[in-house]
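I have placed the structure first, in the form of structure tokens, so that the comments after it can refer back to it.
Note that this is a predicted model, so its numbers are computed, not measured. Excluded from the calculations below are hydrogen atoms, water molecules and symmetry mates; all remaining heavy atoms, backbone and side chain alike, are included. So you know, we letter chains A, B, ... as the sequences are listed, proteins then strands, and number each from 1.
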Number of protein chains: 2
Amino acid sequence: MAVTLKQIADKVGVHPSTVSRVLTGRHENFSVGEALRARILDAAKEMNYVPNELARGLRLQKSHTIGIVVPDILNPLYAGLVRSIEKENINERYSFLICNTDEDQEKEIKHIEMLRNKRMDGLLIVPVQKKMDHIKALWAENYPFVLILRRFEKLTTNAVVMENAQDAYKAVEHLIKLGHRRIGFVRGRRTSYEIQGRERGYRSALAAYHIAVDPRCIVGDGCSADDGYAAAKELIKQSNMPSALLVSENVIIVGVLEALFEAGLSIPYDVSVVSFADMTFSPFFSTPLTTISMPIDQIGKESMQILLKQMASPEIHLGRIKTLSGNFIIRKSTHKAFGS
Amino acid sequence: MAVTLKQIADKVGVHPSTVSRVLTGRHENFSVGEALRARILDAAKEMNYVPNELARGLRLQKSHTIGIVVPDILNPLYAGLVRSIEKENINERYSFLICNTDEDQEKEIKHIEMLRNKRMDGLLIVPVQKKMDHIKALWAENYPFVLILRRFEKLTTNAVVMENAQDAYKAVEHLIKLGHRRIGFVRGRRTSYEIQGRERGYRSALAAYHIAVDPRCIVGDGCSADDGYAAAKELIKQSNMPSALLVSENVIIVGVLEALFEAGLSIPYDVSVVSFADMTFSPFFSTPLTTISMPIDQIGKESMQILLKQMASPEIHLGRIKTLSGNFIIRKSTHKAFGS
DNA sequence: TTGAAAGCGGTACCAG
DNA sequence: CTGGTACCGCTTTCAA
């Protein structure tokens, strides 16, 4: 169906290799005579030539495509990440094949397998982090990749992550300084790197201010709005419900707000709320949310830069780990505790 | 670097074609002896064979990849669309290469060119709609594609679109029945299909109730939050500002709300607002928004189904145009007009 | 400056 | 049931 080099060659009356030389333009105007060059260019345009990247890729051993594996592109955090990665794609040399895992380990494994089959030149992965063999395999085979937001402690792969413990510490400290003593932690998926860091920060802030950790204050294990809803419900029904909440992830905040609203609790007067959240709309909520916001653009930029460097020399493990800090933004959802 | 069929063949001591037969598993257990079959499978696993889809693709003339072109994956409307498309990808036969146009016609043209170079098996496109030659070209060459949300009146390509005029009509009628007479229309990009339809609906609803259209009530031409902000500002500074607003697109509503908020106008008491919007968070806004919501899942599903059908027989133009209706959801941002 | 030929990694058809 | 071969479309090295 599609026009090939050979067809152009036949039409112009030259050998396919000559056409190739002209069309790839690698050797500029040197290797092929000017007149012939023009004739070939004309013929290609006239015949609507569409170069076959599959064939080029096979020959050159590169697909000019980068695979991106994220939990869910519907989450603005990951959508933003993808866009910022794209911005670092100088000269539009690469395109991006995007996969969603929904935090399902088996999906991730399948997707990465597929991305390898399709010979992605590099991989950008927010890993599910339940298994790591498939990541280790990439590592062992010098397959260029960068982990984003989550990394494996035991593996010095390229990674761009957040100062999760520190970020959470700051948020909890803010609440403590407002006089809160009983502070709830609405946890996301326990197995994931960010959440573990944030829980550490939560605990160490309490410890620093000599507040005992009540295990009943730590609820939840999931990253959907529904999980947040259920977790908040659990806190609400407790006899001495926390006067302040740290919500550990983006999307679950929606469920938390819903539960609080349903229970007739007002923010911040009945309960103060701080959330790890990155939503354009945070300022428009009935109570604008105090949040720890992530430098998404920078995360994407760093990840892509490291990946490009790694792809340039796959045999040398960069082992580059970049750690970034969140930005604590005080809005209206936190308030002094009563009686303090 | 990577293991090839031939290497497996050498190791097992058979011909590559035999290995191919086993590994593709197309002919099931027939064509190759059970013992040999097992030995090949073992060897492949042991050697960590990763089939080369570039080579397969070249040979089979298909990439097993579908190109998706959307304005902006950060817009939850398009992110949702992508996820719903994915859901229709039965057996995970395809992966998706996603491109953002930012409503830039040249970017779209470049992206589609690249998608053709990479030999996408099919294309799903939300077109920018300033030029159509490149779309016509796809059409002329029987390249399978489906347009989503926007179509060209003059081209009977496959498309899944909304009943924009009718949807807008309903919204405006709702406002009129609440007693509003001066109703503003915050328009998105004038050139795009949805917006044109929605403007038609706006105008015909006013006409049906014998209300003259004041051109000063129609503002804006762009799809960003900033555009919405500017457009709303323009309305606000008018001497007799509309008592109700129809906002024609998803993201601009954010700017509109900001402008109203800044001007100290309360919704719905100072001004009623209806928006075309699809955001998980609409219910959480300080005033939950009355919206026309789109059946995103169905749009994605239909688009993908039509595309799959079209890919099955590229030479026959399906010319299938599916039109869906929005869902009018009354929340709290609309109120009776004063003095009515 | 241009042509010829080999090969990237697979698949499929035709023999045997 | 297995082997041999040609070819998918393009790039590149070597000759001429």
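- A:Asp10 has its CG atom 12 Å from the P atom of C:dA4, to the nearest Å.
- Distance NZ (B:Lys6) to P (C:dT11): 16 Å, rounded to an integer number of Å.
- For A:Ser20 and B:Ala55, each mapped to the nucleotide of DNA chain D holding its nearest heavy atom, the one lying further toward the 5' end belongs to B:Ala55.
- Listed nucleotides C:dT11, D:dT12, D:dG9 differ in distance to B:Leu58; the shortest reach to its side chain belongs to D:dG9.
- The A:Leu60 side chain lies nearest to D:dT11 when the options are D:dT11, C:dG9, C:dT11.
- Of the candidate nucleotides C:dT11, C:dG3, D:dT12, C:dT11 has the atom lying nearest to any side-chain atom of B:Thr24.
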Residue pair B:His64, A:Lys118: steps toward the side chain to side chain contact (heavy atoms under 4.5 Å, CB included) verdict: CA-CA 9 Å; B:His64 304 288; A:Lys118 293 199 171 150; 4.1 Å; yes
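- Closest to the side chain of B:His15, from the set D:dT5, D:dT2, C:dG9, is D:dT5.
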Where do N or O atoms of nucleotides 13-15 of chain C meet protein N or O atoms at under 3.5 Å, pair by pair?
from, atom 1, to, atom 2, distance (Å)
C:dC13, N4, B:Arg21, NH1, 3.4

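- Here C:dG3 is the nucleotide among C:dG3, C:dG10, D:dG9 with the atom lying nearest to any side-chain atom of A:Val14.
- The backbone N or O of A:Asn117 lies less than 3.5 Å from no partner atom in the side chain of B:Glu53, so there is not a single donor-acceptor pair.
- By the 6.0 Å contact criterion, NZ on A:Lys309 is open, its count of non-hydrogen atoms from other residues, nucleotides or ligands being 12 or less.
- As a whole-Å value, the separation of A:Leu5 CG from C:dA4 P is 16 Å.
- Electrostatic pairing of B:Asp10 and B:Lys6 counts as a salt bridge here, judged by a charged N lying under 4.0 Å from a carboxylate O.
- With values rounded to the nearest 0.5 angstrom, A:Leu308 atom CG is found 5.5 Å from A:Ile66 atom CD1.
- One interatomic measurement links the two molecules: NZ of A:Lys118 to P of C:dG9, which rounds to 19 Å at whole-angstrom precision.
- The number of heavy atoms from other shown groups lying within 6.0 Å of NZ (B:Lys110) does not exceed 12.
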